[in-house]
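Note sheet for the following structure.
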Number of protein chains: 2
Amino acid sequence: MNLNLENSKTQMRRGILELCALSIIARGEMYPSDIIEEMKRSDLLVMEGTLYPLLTRLKNAGLLTYRWEESKTGPPRKYYALTPEGELFKNELQLTWQELVNAVNSVNSSSTTQNIPSHE
Amino acid sequence: MNLNLENSKTQMRRGILELCALSIIARGEMYPSDIIEEMKRSDLLVMEGTLYPLLTRLKNAGLLTYRWEESKTGPPRKYYALTPEGELFKNELQLTWQELVNAVNSVNSSSTTQNIPSHE
DNA sequence: ATAAGGTACTATGTTTTGCAAGGTACTGTA
DNA sequence: TACAGTACCTTGCAAAACATAGTACCTTAT
């Protein structure tokens with residue numbers, strides 16, 4: 001039951017990666033190493049062992065498709081793209097994310113003013 | 001392997017509740033039903049079965065303390081308050097949260113401009 | 001006194017997911 | 001053939017949210 005910052009960060013990442021992967025792929029076809037690079041660029045570290053199962057889940061849910069493409073520097077790559085359903089779901093997730101941000105801001109902002117002076 | 005909005009919402013909530021609970025308690029002593037009410041007010045639904053174990057974890061980690069207080073309308077209540085360590089940890093979590101928000105915004109914002117015209 | 005109903009706290013089992021670690025397979029070079 | 005690099009995949013573990021059920025205390029009514 002380790003309660004440290006690293007662990008909390010991991011917990012916060014949950015459910016966010018789904019949205020971020022969809023958002024990044026929405027820019028255009030991408031293969032996993034590209035996606036990892038893009039996330040790194042935004043200070044969102046992702047492990048291979050996280051991303052591959054995630055992409056498989058999204059593909060099985062009909063939100064992504066992929067095509068194989070040969071590479072000159074190694075084995076062939078899976079280039080992912082959004083399906084129409086994926087586009088819809090991405091938009092819903094963005095809305096959900098925005099609502100969550102608002103909720104957290106709301107909880108945190110009211111902490112400064114409220115000190116509830118007790119009658120005395 | 002259900003991939004629906006409700007599930008994604010739940011996953012996004014993860015790790016946030018810890019921060020929100022600390023933030024709410026930071027306003028002053030609270031007992032669990034109060035906290036649930038406060039969160040509901042900010043559109044952050046929490047189940048009893050989630051909050052009670054969470055508070056226990058935070059207390060065992062030395063971030064919270066509590067005292068019993070009698071109630072006129074039912075059994076005694078556990079009023080929680082932050083320890084100095086809890087205050088510190090709350091601040092760290094807020095920073096972590098802000099970094100995450102920035103990262104997600106960064107990923108989502110660049111989706112409009114980037115279309116990477118390929119050389120041809 | 002006892003029963004009923006509400007409030008508050010606790011415990012158990014399931015599910016999901018991030019991550020670490022390890023594995024497979026294709027490519028080019030020495 | 002051996003190797004290094006790239007890319008993809010799988011397995012097992014741990015943490016946490018939730019549903020559900022249960023315990024305990026208090027007040028009120030019969």
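Per chain, numbering begins at 1; letters A, B, ... match sequence-line order.
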Rounded to the nearest Å, what distance is computed from the [atom1] atom of residue [X] to the [atom2] atom of nucleotide [N]?
X	N	atom1	atom2	result
Met39(A)	dC19(C)	CE	P	11 Å
Leu17(B)	dA17(D)	CG	P	5 Å
Glu48(B)	dA11(C)	CD	C1'	12 Å
Asn4(A)	dA16(D)	CG	C1'	14 Å
Met30(B)	dC9(C)	CE	P	14 Å
Glu18(B)	dC18(D)	CD	P	14 Å
Gln11(B)	dG18(C)	CD	P	7 Å
Leu3(B)	dT16(C)	CG	P	10 Å

If you only use heavy atoms from C-beta on, which nucleotide in [options] is closest to the side chain of [X]?
X	options	answer
Asn7(B)	dT17(C), dC19(C), dC18(D)	dT17(C)
Met47(A)	dC9(C), dC19(C), dT17(C)	dC19(C)
Tyr52(B)	dT17(C), dC9(D), dA8(C)	dA8(C)
Arg57(B)	dC9(C), dA15(D), dA17(D)	dA17(D)

Report task. Please work out if Thr10(A) contacts a base, only the sugar-phosphate, or nothing of the nucleic acid, heavy-atom cut-off 4.0 Å. Result -> sugar-phosphate

Query raised in the report: Between Thr96(A) (side chain) and Glu92(A) (backbone), is there a donor-acceptor pair under 3.5 Å?
Result: yes

Query raised in the report: If only atom types and distance count, is the side chain of Thr83(A) paired as donor or acceptor with the main-chain N or O of Gly62(A) below 3.5 Å?
Result: yes

Query - Any side-chain heavy-atom pair of Met12(A) and Glu18(B) under 4.5 Å - result: no

Query raised in the report: Any side-chain heavy-atom pair from Leu54(B) and Leu51(B) closer than 4.5 angstrom?
Result: yes

Between the protein and nucleotides 23-30 of chain D, which nitrogen or oxygen pairs come in under 3.5 angstrom?
none

Report task. Tell whether Arg14(B) reaches the base of dA17(D) with its side chain through a donor-acceptor pair below 3.5 angstrom. Result -> no

Report task. Check whether any side-chain N or O of Lys78(A) sits under 4.0 Å from OP1 or OP2 of dC9(D), and answer yes or no. Result -> yes

Query raised in the report: Can you name the ring-ring contact (aromatic ring centres under 6.0 Å, His included) partners of Tyr80(B), sequence neighbours left out?
Result: Tyr66(B)

Report task. Identify the two heavy atoms, one from Gly15(B) and one from Gln11(A), that lie closest to each other, and give their separation to 0.1 Å. Result -> CA-CB, 3.7 Å

Query raised in the report: How many angstroms lie between atom CD of Glu85(A) and atom OG1 of Thr65(A), to the nearest 0.5 angstrom?
Result: 10.0 Å

